[in-house]
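Keep in mind it's a predicted model, so treat the numbers as computed, not measured. Numbering of residues begins at 1 and proceeds along the displayed sequence. Only heavy atoms go into these numbers, but all of them, side chains included; no hydrogens, no water, no symmetry mates.
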Amino acid sequence: MQLLQAFKYELIPSGDQQRDMRRFARSCRFGFNKALALQKENFEADGKFIGYVAMAKHLTGWRNGRETPWLKDSPIHPPQQALKSLVASLQELLRQTGRVPALQEEGARREHPLPGLKANQAGANCRIFLPKLEWLRYPQWP
């Protein structure tokens with residue numbers, strides 16, 4: 001039996017890091033909404049949804065496109081996770097209610113997983129490394 005363990009951290013970002021986090025969330029929301037619009041178009045045309053692998057190729061195209069160069073400033077993992085959650089929610093919602101999920105709005109609370117984390121718990125210097133954000137502090141718990 002495999003045991004999975006997760007940790008939640010309350011981060012203390014600097015002003016620049018907060019701005020970057022908002023930008024990363026915007027890239028997730030953009031990818032989710034653009035993929036949802038593409039899924040709706042495809043479903044109306046032939047009654048089928050696009051799988052995750054094909055959607056990830058679209059995401060790569062959007063990141064390399066001239067209209068959205070700002071997508072390259074954020075890590076690739078959070079928008080990929082948004083696409084995975086979209087595909088999973090499409091399958092689940094169609095099975096249960098027959099409806100398509102709604103667009104994500106700005107300000108909605110969403111969690112965006114970030115792989116590749118490194119933690120440093122040496123004394124009072126509690127920090128965690130996030131890709132493209134560098135080291136962020138978090139409070140030390142008793």
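- For S14, the side-chain hydrogen bond (donor to acceptor under 3.5 Å, both in side chains) test picks out Q17, with sequence neighbours left out.
- The salt bridge (charged side-chain N to carboxylate O under 4.0 Å, His left out) search around R22 returns none, not counting sequence neighbours.
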Distance-only donor-acceptor pairs under 3.5 Å for side chains of residues 55-63, two or more places apart:
unit_1, atom_1, unit_2, atom_2, d
T60, OG1, A56, O, 3.1
R63, NH1, L71, O, 2.9
R63, NH1, S74, O, 3.2

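- Side-chain atoms of S85 and F32, non-hydrogen and from C-beta on, do get closer than 4.5 Å to each other.
- Every salt bridge (charged side-chain N to carboxylate O under 4.0 Å, His left out) that D16 has, sequence neighbours left out, goes to R19.
- Using a 4.5 Å heavy-atom cutoff, the side chains of L136 and M21 are in contact.
- If you take CZ on R127 and CD on E134, they are separated by 10.0 Å, rounding to the nearest 0.5 Å.
- Expressed to the nearest 0.5 Å, how far NZ of K84 lies from CD of Q80 amounts to 6.5 Å.
- P78 and C28 make their closest contact through CB-SG, 3.2 Å (heavy atoms, listed as atom of the first residue, atom of the second, distance).
- When the side-chain hydrogen bond (donor to acceptor under 3.5 Å, both in side chains) test is applied to K72, the partners found at least two apart in sequence or on another chain are N64.
- Inter-residue side-chain proximity for F24 and D73 is flagged as unmet; no heavy-atom pair is nearer than 4.5 Å.
- Between F30 and T68, the closest side-chain pair of non-hydrogen atoms falls below 4.5 Å.
- Taken from CD in Q18 to CG in L133, the straight-line distance is 11.0 Å, to the nearest 0.5 Å.
- Note: the hydrophobic cluster containing L38 also contains Y52 (ILVMFWY, side chain heavy atoms under 4.5 Å, direct or indirect links).
- Pairing each heavy atom of L83 with each of G31, the nearest pair is CD2-O, 3.8 Å.
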